[in-house]
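Contents: one structure, followed by commentary.
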There are 2 protein chains.
Amino acid sequence: MIPSAHRRLAATRATLLPEHKPEGSRGVILEVALKLFAERGYAGASIREIAEAVGMKSASLYAHYPSKEHILAELCRIGHEEHRRSIHRALLECGADPRDQVVAYVHAHVAMHAQFPMLAVVANGELHALSSELGAATFELRNQSIQVLEDIVRRGIERGVFQIPHVWLGVAAIGAMGMRVAYWYTPEFELSSEHVAEVYAEFALRVLGAPEPTQRGAG
Amino acid sequence: MIPSAHRRLAATRATLLPEHKPEGSRGVILEVALKLFAERGYAGASIREIAEAVGMKSASLYAHYPSKEHILAELCRIGHEEHRRSIHRALLECGADPRDQVVAYVHAHVAMHAQFPMLAVVANGELHALSSELGAATFELRNQSIQVLEDIVRRGIERGVFQIPHVWLGVAAIGAMGMRVAYWYTPEFELSSEHVAEVYAEFALRVLGAPEPTQRGAG
DNA sequence: GTCTATATGAAGATAGAC
DNA sequence: GTCTATCTTCATATAGAC
C-alpha cells in the first residue's frame, strides 16, 4: 500500500527517546519543532507556528534557544548521534563475518529510520539549511557513518564474500534504500520496523552478491 | 543569508531539455526557479531571488506565472512527465521477459535522476508543498510510475523469475536507490549516467533474486 | 520564564505608468 | 512585458514589564 501522497512523510507523530529530549519546555519545543520541520521543512515552518503548537508566545522560545537555526542544529545532532549509536551498538554485538556486519549495520540503519522517521527526515533532509558553523560537527558524523559501511563492504570484497561492480555505488544504494524508509513507514504499516529492517538487510546482502541461501531459495 | 554547511545536491546546473522549456522569459524563469528550488527548497527560495537571477524585477514574473506555486507546479509536472515518458519508451523497446523489463525500468529511472538531478529533486522532494488542486495530476503520475514497477515485479514472481520476501518493500527499495542518485550525481562523477544506470539495474535484479549470471560470477 | 509590544525586514502579490 | 511603487502579511528577533 502506498502512503498518503500529499504529506511529506507518512508518520504523524514526533518520536524522541527520553535521552534525546531535554527537560521541561526545552524538550517540548524540540519535539514540536521536529514535527513541524519534518512536515513542512525548516524554511516552511515558522517560529510562530512552533510557539503556538507548544502553547507559548513566539518571544518565549528565545528563553530556551537563541535562534530557530539552533533548534534545527540540535535536532540534526540528535538524529545523527542516534544513528551512529545504534549502528555502533549493533556492530559490537556481531562477529567478524562481513555478512553479519552488513546485516547488523543495515538492520540498525533501517530500524532507526522506521522508528524515528521525523528525526531522520529532518536530520538528513534539512542539514543543508544549517550554517557551516552549526552544521559542521553533524556533517562529520554523517560522513563517518557512511565510511563505516564502506569499510565493511571493502573488507568483505577482500575476503571474497561480496561481489559488486562498484563499491561506492553499492554503499550509496544500500544507504538510500534505508533513508527512504523514513518517508513511508508508520506504526500502522503491515510489518513491524524490526521486520522491515530484516528484509532490507537481506536486500543489502543481495546487492552485495551474498544473499542468504535460505531466503533466496524460499523466495 | 548565512552560508550553509553543505549543498543539498551535488549538481550545480539546472538541466532542462528544450521540449521541457517554454519559449522566452517563461523558460528562463522556469530554469532559474528550478535551480533555486533544488538548492534551497521551495519555501527557502523567494520570488525576489528568482527575479534577480533572471535579471528582472519580481513584479515582472507575474506577467508569466500567476504565482510562485504555479512555477513549482509546472516543474513538478515536467519532472514526472519526463520520468514517465522515459520509462514508457524503455519498456516499449524491451521484450516480455520480466528481467529485461526491470532492467529497462531501472535504467530509465536512474538515468533520468542522474541527467536531470534538479528536476528530480524538486519534482519529488517539493511536491508536498503544492496544494491539492495544483498537485493532484502530478501525484497521479507518480503513483502510476510506481504501479508500473510493481506490476512488472508481480508478473516476474508469478513466472518464477523473481524471489523476494515482500513485493512492496522490494519496489520501494529499488525506487529509493534511484531517487537518491539525484542528490549526489554530477557530470564530473567517474562514471557516466549510463554506466551508473546499468549498475543500478543489476542491483535491482539482485534485490529481486535474479542477478545477471555473468556479473554475479565476475564480481 | 512568560508575557505584551515592537523593531526590522522580507515575503507574495497587485496597481498602474510606459 | 517590464518597470516603479506599494499593499498586506508574515518572518526572525529583541526590549522590558511582571
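Labels below follow one simple rule: chain letters A, B, ... track the order of the sequence lines, proteins then strands, and each chain is numbered from 1. Values below: every heavy atom of this structure, side chains too, minus hydrogens, waters and symmetry copies.
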Problem set entry | Atom-pair distance (CD on B:E49; P on C:dA10), nearest Å | 11 Å

For this session: Any chance you could measure A:I174, atom CD1, to A:I164, atom CD1, to the nearest 0.5 Å?
Result: 6.0 Å

For this session: Output the single nucleotide from D:dA13, C:dT2, C:dT14 whose closest atom is nearest the side chain of A:S60.
Result: C:dT2

Seminar exercise, completed: Side-chain atoms of B:K68 come closest, of D:dC3, C:dA13, C:dT2, to C:dA13

For this session: Report yes or no: is there a donor-acceptor pair, N or O only, under 3.5 Å between the side chain of B:R48 and the base of C:dA10?
Result: no

For this session: Taking the six-membered ring of A:Y65 (Phe, Tyr or Trp), confirm whether the NZ or CZ of A:R26 is under 6.0 Å from its centre and within 45° of its axis.
Result: yes

Exercise. For A:E69 and D:dA11, what is the distance between atoms CD and P respectively, to the nearest whole Å?
Worked result: 18 Å

For this session: Flag the pair B:S25 / B:M56 as yes when at least one side-chain heavy-atom distance between them is below 4.5 Å, and no otherwise.
Result: yes

Exercise. Roughly how many Å is it from NE2 in A:H64 to P in D:dA13, rounded to a whole number?
Worked result: 16 Å

Exercise. What nucleic acid atoms does A:A45 come within less than 4.0 Å of, heavy atoms only: base, sugar-phosphate, or nothing?
Worked result: sugar-phosphate

Problem set entry | A:R142 to A:F139, cation-pi by 6.0 Å centre distance and 45° axis angle | no

For this session: Look at all strands and tell whether A:A51 reaches a base, only sugar-phosphate, or nothing, counting heavy atoms closer than 4.0 Å.
Result: nothing

Seminar exercise, completed: In whole angstroms, the gap separating C1' of C:dC3 from CD of A:E52 amounts to 16 Å

Exercise. Checking all strands, does A:K57 fall into the base, sugar-phosphate, or nothing category for heavy-atom contacts under 4.0 angstrom?
Worked result: base

Exercise. Using a distance-only test with no angle check, is there a side-chain donor-acceptor pair under 3.5 angstrom linking A:T186 and A:E188?
Worked result: yes

Problem set entry | Nearest-nucleotide pick for A:A63, side chain only, options being C:dC3, C:dG1, C:dA13 | C:dG1

Problem set entry | First encountered from the 5' end of DNA chain D, between A:P66 and A:S46 | A:S46

For this session: Report the nucleotide, chosen from D:dC3, C:dA5, C:dG1, that has the shortest atom-to-atom distance to any side-chain atom of A:A59.
Result: C:dA5

Seminar exercise, completed: Whole-Å distance, A:L61 CG to C:dT4 P, equals 14 Å

For this session: Examine D:dT2: is either OP1 or OP2 under 4.0 Å from a nitrogen or oxygen in the side chain of B:S25? Give yes or no.
Result: yes

Exercise. Taking CD1 from B:I47 and P from D:dT6, how many angstroms apart are they, rounded to a whole number?
Worked result: 21 Å

